[in-house]
Structure formats: structure tokens, C-alpha cells
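Hydrogens, waters and symmetry mates play no part in the numbers below; they use all other heavy atoms, side chains included. None of these values were measured; they are calculated from a predicted model.
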Amino acid sequence: LFMDPKTNIIIQLREIWLKLKKDKVEITKKLESPNLSDDKKEDFRQVAEGAKKVYDAHLNNIAMNVKNNFYTWKEVEKVDPDLASEIEKVLQEKE
């Protein structure tokens with residue numbers, strides 16, 4: 001199956017997005033665990049903050065590529081509608 005370079009790039013970015021999203025969810029679950037000590041909670045809070053920043057930066061990067069017409073929102077939507085809707089939110093915040 002041959003894919004154009006833009007679709008390939010979107011698919012690669014989507015893979016990273018899915019991994020970051022999963023990491024963020026797992027860290028948040030650990031943070032909400034009732035049997036964490038205060039020290040551990042603080043550690044996880046910092047890790048969760050870091051994970052969110054990386055996640056947001058990655059989404060922002062994809063959104064900027066769309067904004068700069070590197071590829072279109074429609075092309076992203078074809079690869080992953082959920083990712084496209086996340087990007088749409090980022091772009092709306094920037095307007």
C-alpha cells in the first residue's frame with residue numbers, strides 16, 4: 001500500500017500522539033491512587049505535569065503544521081478523527 005509522504009508523516013505523528021495520550025492517562029491514574037504517600041504524590045504530580053506539557057507541545061506542533069498548510073486538517077481527519085478534533089481545539093484556542 002503506497003501512501004503519500006504527508007499521510008506517512010501524519011501516521012507517525014499519530015503514533016507518538018497515541019503513546020503520549022496513553023502515558024498521560026496512566027500517570028493520572030497512578031496519581032489518583034489512594035495509597036500513595038505525599039512524597040510519591042508530589043513526584044507523580046510533577047511527572048503528570050511534564051507528560052501534559054509534552055502531550056500539549058506535540059499537539060501544538062501538529063496544529064501548527066496544519067495552520068502553515070504543511071498538510072490539511074482533512075488529511076489529519078482521514079488518518080484519525082479523534083486527533084483531528086484535538087487539533088481543532090488547539091487551533092481554536094489560537095484564534
Task: Pair Ser37-Asp39, side-chain hydrogen bond (donor to acceptor under 3.5 Å, both in side chains): steps then yes or no - done: CA-CA 5 Å; Ser37 69; Asp39 284 352; 5.4 Å; no
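- Note that NZ of Lys41 is 7.5 Å distant from CZ of Arg45, once rounded to the nearest 0.5 Å.
- Side-chain contact check for Lys94 versus Val90: some heavy-atom pair is nearer than 4.5 Å.
- We find that Glu86 and Lys89 are joined by a salt bridge, their nearest charged nitrogen and carboxylate oxygen being less than 4.0 Å apart.
- The CG atom of Asp80 lies 9.5 Å from the CD atom of Glu15; values are rounded to the nearest 0.5 Å.
- The two residues Leu31 and Ala48 make their nearest non-hydrogen contact at CD2-CB, 4.2 Å.
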For residues 21-30, run the donor-acceptor check on the side chains, cut-off 3.5 Å, and write out each pair with its distance to 0.1 Å, sequence neighbours left out.
{"from": "Asp23", "atom 1": "OD1", "to": "Lys19", "atom 2": "NZ", "distance (Å)": "3.4"}
{"from": "Asp23", "atom 1": "OD2", "to": "Lys19", "atom 2": "NZ", "distance (Å)": "2.8"}
{"from": "Thr28", "atom 1": "OG1", "to": "Lys24", "atom 2": "O", "distance (Å)": "2.8"}

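- If you chain together hydrophobic residues whose side chains sit under 4.5 Å apart, Val66 and Ile11 fall into the same group.
- We find the CZ-CD1 distance between Phe70 and Ile10 to be 9.0 Å, quoted to the nearest 0.5 Å.
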- [ ] Apply salt bridge (Lys or Arg N to Asp or Glu O under 4.0 Å) to Glu49 and Lys52, showing your working.
- [x] CA-CA 5 Å; Glu49 224 170 82; Lys52 185 182 181 335; over 6 Å; no
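- A donor atom on one side chain and an acceptor atom on the other are not found under 3.5 Å apart for Asp82 and Ser85.
- With rounding to the nearest 0.5 Å, the separation of CZ in Arg14 from CH2 in Trp17 is 7.5 Å.
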- [ ] Give the C-alpha distance, both sets of side-chain angles, the deciding distance and a yes or no for side-chain contact (heavy atoms from CB on, under 4.5 Å) between Ile62 and His58.
- [x] CA-CA 6 Å; Ile62 300 170; His58 186 65; 3.7 Å; yes
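- By the neighbour-count criterion of 12 heavy atoms within 6.0 Å, atom CG of Asn68 is densely surrounded, having more than that number from other residues, nucleotides or ligands.
- If you take NZ on Lys78 and OG1 on Thr7, they are separated by 6.5 Å, rounding to the nearest 0.5 Å.
- Closest of all the heavy-atom pairs between Asn61 and Leu13 is ND2-CD2, 4.3 Å.
- Val54 and Val47 are not part of a single hydrophobic cluster, where members link through side-chain heavy atoms under 4.5 Å apart.
- How far CG of Asn65 is from OH of Tyr71: 3.5 Å, rounded to the nearest 0.5 Å.
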